[in-house]
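Numbers for residues simply follow the sequence, beginning at 1. Atoms within each ligand, like the ligands themselves, are counted from 1 in listed order. Only a predicted model underlies this, so the values are computations on that prediction, with no experimental measurement involved.
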Amino acid sequence: MFSPLPLRRKLKLSDGQILPFSDSRTPSPVHTAPVHLTKRGWRFATCLVTLLCVAGVMLLRAISGQLRLELGVVQSHSSLPPLYEAYRSREENLPHYEEYARRTDIKYLWSENFARSAGWGNIMQDFMMMALLAHATNRSHVFNDYVWDPNRGPYSDFNGKVIPSRIPLTAIVGGPMVGGDLPPEDTTPRAVSSSFFHEVCPNPTIINVKDVNTDDMVYGDVPASSVLKTWIKKIDSIDDPCVKLAGDNPPIFEVWIYGDKKRMLTIWPYLSKTPVMTHWRWSPLVVDALKSNLRLFTSTSWFYPLVSDTQESDAPDMIPGLLAIHVRRGDFANHCRHLATWSSDWNAFNSFPQFTDKFEVPSDVGWGETTPENRAMYERRCYPSIDQIVEKVSQVRSDARGSLKYLYIMTNGAMEWVDELKQAVQRATSGSQPWDSIASSRDLKLTWEQKYVAQSVDMYIAERAQVLIGNGWSSLTSNVNALRMVKKFSPDSARFW
Ligand SMILES: *[C@@H]1O[C@H](CO)[C@@H](O)[C@H](O)[C@H]1NC(C)=O
């Protein structure tokens, strides 16, 4: 059996391993012999150290200034976003392609109508469903880039910021979704890239989603499990090894069904067992980002107990003591108001019946209208104020009986607002144990390539936190909860505003 990605070894961290607490970054206690100096001796020593420091800084400045001059061209060039060429070329040459190109029994399913031009949460849920359908029909799942802007060159624009128009999926995700190992007994063909699909399938059978999806399947109350079965039947009826869903069509599963827990949760018995979920991996790039930021979520003391207090979960890679909270700001100010107006329900995988915090769509307000009470209720649960966040965090922390020590704030909020929030949370602990660390998405040290996939780094952190407080309407929270449920985290560990 060959390894699909040369970097696969690095995925070990998510392979059910205990965190590398002996990470070389963790400072170890240093034992120094006591030094006795006279007053004059001290003054002299202080002067000497200060002088050395000043000289050191000056030297460093001089060197880096020289370097900056020499690298001037390179620097201005590298201020453009990365294009992940190494990932691209690796995914165009996965080890199984050669064999697949020779074999005639491999079947493929490509969803050319794949989700795009949206946040990663929305895209990821579509990719999960399409990988499920491919697996259920014994076809190779054809994976796509994460595309922000299909009509631009390599770069496009997000709120005035230059970003890559597309990111190769292997820079974000690992595992079966992008051609990685399937469980040993699984005979389904592995995933391939869309350009490999073009090579082996120049003339695929094309299916129009609109011909199969009825209005009831899209807007009505047909359960997601029935939609899946309809599609399995449709695809299984085709002999052609090459099938694609027409690109100018809507996705099979549209927003309406994801936002309807009754319909969507019926897919769980299928989704929770499909390898793309049971063997979910993040890319080595994402996994490395967590590794190099571990200091934010783990104790630096050698004497700190490494065992978690919650034993009911058998999720092996939980980061004990970590509380992750998902606080959407920015565009969510308007979005939450919009959700109130249309009495929107939570995203499906935020609504498992086993979860402690629930949401019922208010039945006393009409569709398209709202009351001040209704709007306030939506705001508290969707766009909570600092006071409301502090209150919830304190409550969840006391529910965990003192076992939560590190707080990680996943947010797109402004720096000053995040600082205010951090201070308020720490202030609220007066009398009880202060947090060992409070960090936010803004505090992650990321490489240039990691910066543009930072949302996935946040998701990976949240996926391994002891407890997560999420936003019920967010697909990012919902996907993380789906992964946590597959990994058998205790349902009590999923909380909501
Ligand atoms: C799935 O397809 C592969 C060939 O691509 C075949 O070897 C295998 O037997 C098939 N599995 C099932 C369950 O039909």
Side-chain angles (χ1 to χ4, degrees), residues 1-6 8 11 90-114 126-145 168-170 173-209 212 223-247 251-253 266-281 482 486:
M1 202 147 282
F2 33 62
S3 150
L5 296 169
R8 207 184 162 276
L11 290 179
R90 222 176 294 135
E91 72 179 38
E92 298 311 357
N93 294 290
L94 293 183
H96 53 286
Y97 290 175
E98 218 178 303
E99 182 198 338
Y100 280 22
R102 278 196 312 270
R103 278 169 66 170
T104 50
D105 61 329
I106 309 278
K107 294 181 154 189
Y108 302 88
L109 176 64
W110 185 39
S111 312
E112 194 185 31
N113 60 339
F114 66 94
D126 178 60
F127 287 6
M128 280 165 16
M129 298 304 285
M130 291 307 99
L132 166 64
L133 179 61
H135 189 264
T137 53
N138 197 25
R139 283 174 181 265
S140 163
H141 167 63
V142 180
F143 61 89
N144 296 289
D145 289 349
L169 200 57
T170 49
V173 179
M177 170 78 88
V178 290
D181 280 327
L182 289 162
E185 70 285 3
D186 196 320
T187 57
T188 317
R190 290 172 182 228
V192 300
S193 70
S194 49
S195 46
F196 178 75
F197 173 81
H198 288 306
E199 248 171 69
V200 286
C201 292
N203 299 301
T205 297
I206 299 169
I207 309 178
N208 277 302
V209 171
V212 180
S225 57
S226 307
V227 177
L228 178 69
K229 279 181 205 151
T230 302
W231 274 95
I232 292 175
K233 222 158 105 197
K234 172 73 188 173
I235 307 241
D236 278 349
S237 73
I238 301 169
D239 280 332
D240 191 341
C242 300
V243 173
K244 88 166 184 187
L245 307 181
I252 294 179
F253 297 90
T266 60
I267 205 85
W268 191 243
Y270 305 92
L271 191 64
S272 60
K273 290 190 191 79
T274 199
V276 88
M277 297 302 281
T278 57
H279 289 62
W280 179 270
R281 295 288 179 269
V486 170

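The ring-ring contact (aromatic ring centres under 6.0 Å, His included) check on Trp231 picks up nothing, with sequence neighbours excluded.
Taking CG of Asp239 as the start and NZ of Lys107 as the end, the distance is 5.5 Å to the nearest 0.5 Å.
There is a side-chain donor-acceptor pair under 3.5 Å between Ser195 and Glu92.
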Once you restrict both partners to nitrogen or oxygen, which atoms of ligand 1 have a protein partner under 3.5 Å, and how far apart are they?
| from | atom 1 | to | atom 2 | distance (Å) |
| --- | --- | --- | --- | --- |
| ligand 1 | 2 (O) | Asn138 | OD1 | 3.4 |
| ligand 1 | 2 (O) | Asn138 | ND2 | 2.4 |
| ligand 1 | 5 (O) | Asp105 | O | 3.3 |
| ligand 1 | 11 (N) | Asn138 | ND2 | 2.9 |
| ligand 1 | 11 (N) | Thr187 | OG1 | 3.2 |
| ligand 1 | 14 (O) | Asn138 | ND2 | 3.3 |

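Across Cys242 and Val200, no two heavy atoms sit closer than the pair SG-O, 4.1 Å. Of all heavy-atom pairs between Met177 and Ala131, the closest is SD-CB, 4.3 Å.
In summary, Asp181 and Arg190 engage in a salt bridge, as defined by a charged side-chain N under 4.0 Å from a carboxylate O.
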